[in-house]
Amino acid sequence: MYLNHPQLTQPNPSFFFKHSSMINNMFLGALTITLVACSGDDSNKGVITPPTDQTNSILDSELRAIIVKNELTGDPSTDRAIPDVEEPMAQLGMKLFFTKSLGGDFDSACVTCHHPMLGGGDDLALPIGVDAEVVDLLGPGRLHRVDGDHFDGGPTVPRNSPTTFNVALWDDYLFHDGRVESLGKTPKMGGKDGLGIRTPDVPFAKNDDYAGDNLVVAQARFPVTSDEEMKNFSNFGGTDNHQVRENLEQRLGDYGDPLGGKLAVNNWLAEFREGFANPDASAEELITFDNIAKAIGEYESSQVFVETPWKAYVQGDDSAISDVAKRGAKLFFGNYVDGGANCSACHFGDFFTDEEFHVIGMAQVGRGKGDGEHGTEDFGRYRESGDEKDKYAFRTPSLINVTATGPWGHAGASATLEQAIRTHLDPQAELNNYDFSQLPADVQVYDMLVNTQNAIDKLEANRAQGITSIEHFSLTDTEISELVAFLEALTDPCVENRECLSKWIPDASDSNPDSMRLDAIDSDGNYL
């Protein structure tokens with residue numbers, strides 16, 4: 001079973017240092033930048049009046065009524081089987097997650113784009129997987145090597161890295177476009193309901209017999225097959241998904257004749273025997289890609305972080321969140337008629353997502369997925385479903401730990417939560433006034449304006465056709481700052497604390513079965 005991490009009572013100084021500019025942007029910018037003109041008297045706009053005790057009581061009563069109405073518990077992990085990271089299979093999965101031996105050319109690992117200290121992602125707008133200038137440098141400062149395949153000066157991967165945090169809590173889809181999909185969508189089962197899982201290896205809406213036990217295991221089968229993420233273009237050039245996996249199992253299993261050769265150091269058999277509690281099995285029996293994906297899935301599924309201030313508040317602690325955050329919660333859950341922002345129409349329940357796909361009009365930066373006239377667009381869910389209404393639609397993200405999992409948007413084009421919120425409210429205004437300085441200098445933006453405009457036009461067309469869409473809506477600067485405060489209350493302090501996260505990061509005392517572990521560093525050379 002999952003062992004809850006200890007509650008953290010002291011603030012983490014590194015968090016405030018690392019994110020000080022972002023926090024200033026969130027709060028100061030939210031109080032001074034106007035999105036749209038609002039009706040009514042705005043003479044007190046931006047002024048937050050300290051509430052009286054009576055106001056506090058009324059606010060708590062109103063918010064607790066909302067909690068009851070929405071049947072919230074504060075904990076999306078209830079009634080789920082969550083593995084313990086210290087169990088043998090999860091430990092094996094962690095070592096696999098961190099090894100560059102699963103990269104086709106030995107220069108990338110799963111952790112390259114999903115490090116615990118980077119919010120379960122990579123802290124970049126868009127990832128750089130293979131052919132990095134410094135292989136072990138993760139996060140800001142990671143660049144594509146000029147002699148790397150398909151070098152164009154910018155990131156190689158066209159979509160923002162989804163966080164692995166709480167990945168076990170998804171029941172319907174994984175990836176921005178939902179290309180790994182539970183066909184049964186049974187709540188609390190994570191795809192493990194016996195009704196099948198669809199993956200990119202099979203046609204749309206069909207079951208993949210080799211998907212594995214659940215959605216997390218199914219998705220673990222695919223990063224190694226992506227040229228830009230892990231496969232690269234040399235050792236495994238010209239191979240299909242099945243052949244990539246076959247070569248990797250032979251590489252780690254030290255059998256057969258894998259492309260790129262065998263490992264110089266290889267102690268994986270002992271690790272698999274321990275992880276799968278099978279001390280006498282042969283490498284051919286144990287070190288299969290099915291088992292590789294299963295172990296990685298077990299490790300990823302152990303990354304459940306839900307001990308948020310909001311959970312404490314929902315479960316009875318009135319002092320767990322600030323009054324500003326409480327007003328933000330009222331806005332978040334309230335509908336338009338009652339003066340709310342209706343955010344929970346899509347971000348509902350304890351996991352804060354409907355697990356569906358919506359056209360938002362978030363900025364399209366980067367290489368794109370090869371769609372559109374110039375090949376730099378990303379048609380999102382449409383690429384899977386072929387349904388016209390799904391063009392430019394992407395999966396609703398969970399908001400648990402959202403302050404730690406930026407940049408935001410399917411292409412990471414929002415560097416602050418405030419900017420992401422404003423884009424939801426009025427994507428056209430945000431496009432017209434987009435601040436390109438929020439992007440790293442290497443992110444490709446040559447077709448950004450026309451590509452993003454196409455997505456916004458699709459949003460407007462869907463609205464005109466009566467397709468359920470996010471509504472154009474105005475909020476004051478104060479209300480936006482309140483929403484940001486509420487979103488901050490959805491982050492588990494553990495995910496910003498190195499000591500708390502240490503169980504999910506190998507250290508010198510952990511075995512290194514192939515001497516290929518990625519020991520991540522930042523741009524200053526410090527270990528993450």
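Below, each value reflects all heavy atoms present in this structure, side chains not excepted, and no hydrogens, waters or symmetry copies.
Using a 3.5 Å distance cut-off with no hydrogens or angles, the side chains of Thr308 and Asp492 do not pair a donor with an acceptor. Defined by atom type and a distance below 3.5 Å, a donor-acceptor pair is present between the side-chain atoms of Asp354 and Thr396. The closest side-chain donor-acceptor pair between Gln91 and Glu86, if any, does not fall under 3.5 angstrom. Between the side chains of Asp122 and Thr112, no donor N or O sits under 3.5 Å from an acceptor N or O. Under the 3.5 Å distance criterion, with hydrogens and angles disregarded, a donor-acceptor pair is assigned to the side chains of Gln303 and Thr164.
In this structure, Phe394 and Met362 have side chains that are not in contact, with every pair of non-hydrogen atoms separated by 4.5 Å or more. With a 4.5 Å cut-off on side-chain heavy atoms, Met117 and His115 count as touching. With contacts defined as side-chain heavy-atom distances shorter than 4.5 Å, the pair Pro407/Ser414 does not qualify. Side-chain contact between Arg64 and Ser61 is absent, with no heavy-atom pair separated by less than 4.5 Å. Taking 4.5 Å as the limit, every side-chain heavy atom of Phe473 sits out of range of all side-chain heavy atoms of Asn342. Using a 4.5 Å cut-off on side-chain heavy atoms (C-beta onward), Leu439 and Val445 make contact. Under the 4.5 Å side-chain criterion, counting only non-hydrogen atoms from C-beta, Asp457 is not in contact with Leu459. With contacts defined as side-chain heavy-atom distances shorter than 4.5 Å, the pair Arg367/Pro155 does not qualify.
Using cut-offs of 30° and 60° for the angle between ring planes, the Phe97 and His114 rings count as tilted. Using cut-offs of 30° and 60° for the angle between ring planes, the Tyr434 and Phe436 rings count as perpendicular.
Each of His410, Lys369, Arg395, Arg159 was checked for a side chain to side chain donor-acceptor pair (under 3.5 Å) with Asp177, and the lone residue meeting it is Arg159. Just one of Lys391, Gln364, Glu377 meets the side chain to side chain donor-acceptor pair (under 3.5 Å) condition when paired with Asn454; it is Glu377. The one candidate from Asp193, Asn214, Leu174 that meets the side chain to side chain contact (heavy atoms under 4.5 Å, CB included) condition with Ser182 is Asp193. Paired with Asp171 under the rule side chain to side chain donor-acceptor pair (under 3.5 Å), one option of Lys188, Lys185, Lys192, Arg80 passes, and it is Arg80. Between Arg327 and the choices Glu479, Glu482, Glu62, the side chain to side chain donor-acceptor pair (under 3.5 Å) rule is met once, by Glu482.
The backbone N or O of Ser474 sits nowhere less than 3.5 Å from a side-chain atom of Asp426 that would complete a donor-acceptor pair. In this structure, the side chain of Asn166 engages the main chain of Phe305 through a donor-acceptor pair within 3.5 Å. At distances below 3.5 Å, at least one donor-acceptor pair connects side-chain atoms of Ser481 with backbone N or O atoms of Thr478. Checked by atom type and distance alone, the side chain of Asn432 pairs as donor or acceptor with a backbone atom of Gln428 at under 3.5 Å. Within the 3.5 Å criterion, the main-chain N or O of Ala489 finds no donor-acceptor partner in the side chain of Thr491.
A cation-pi arrangement is present between Arg381 and Phe357, with the terminal nitrogen or guanidinium carbon under 6.0 Å from the aromatic centre and inside a 45° cone about the axis. Taking the ring centre of Tyr173 as origin, the terminal cationic atom of Arg179 falls outside the region bounded by 6.0 Å and 45° from the ring axis.
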Would you mind writing out the side-chain donor-acceptor pairs for residues 344-351 within the sub-3.5 Å range, not counting sequence neighbours?
unit_1 : atom_1 : unit_2 : atom_2 : d
His347 : ND1    : Phe352 : O      : 3.0
His347 : ND1    : Pro397 : O      : 3.1
Asp350 : OD1    : Thr73  : N      : 3.0
Asp350 : OD1    : Gly74  : N      : 2.8
Asp350 : OD2    : Thr73  : N      : 3.1
Asp350 : OD2    : Thr73  : OG1    : 2.9

* Stepwise ring-ring contact (aromatic ring centres under 6.0 Å, His included) check, Tyr392 with Phe379 -> CA-CA 5 Å; Tyr392 307 108; Phe379 287 166; 5.4 Å; yes
* Before giving the answer on ring-ring contact (aromatic ring centres under 6.0 Å, His included), spell out for Phe175 and Trp170 the whole-Å C-alpha distance, their side-chain angles and the decisive distance to 0.1 Å. => CA-CA 11 Å; Phe175 294 118; Trp170 292 91; over 10 Å; no
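More than 12 non-hydrogen atoms from other residues, nucleotides or ligands lie less than 6.0 angstrom from CD of Glu471.
In summary, Asp208 and Arg198 do not engage in a salt bridge, as defined by a charged side-chain N under 4.0 Å from a carboxylate O. Under a 4.0 Å N-O distance rule, the pair Glu298/Lys294 does not qualify as a salt bridge.
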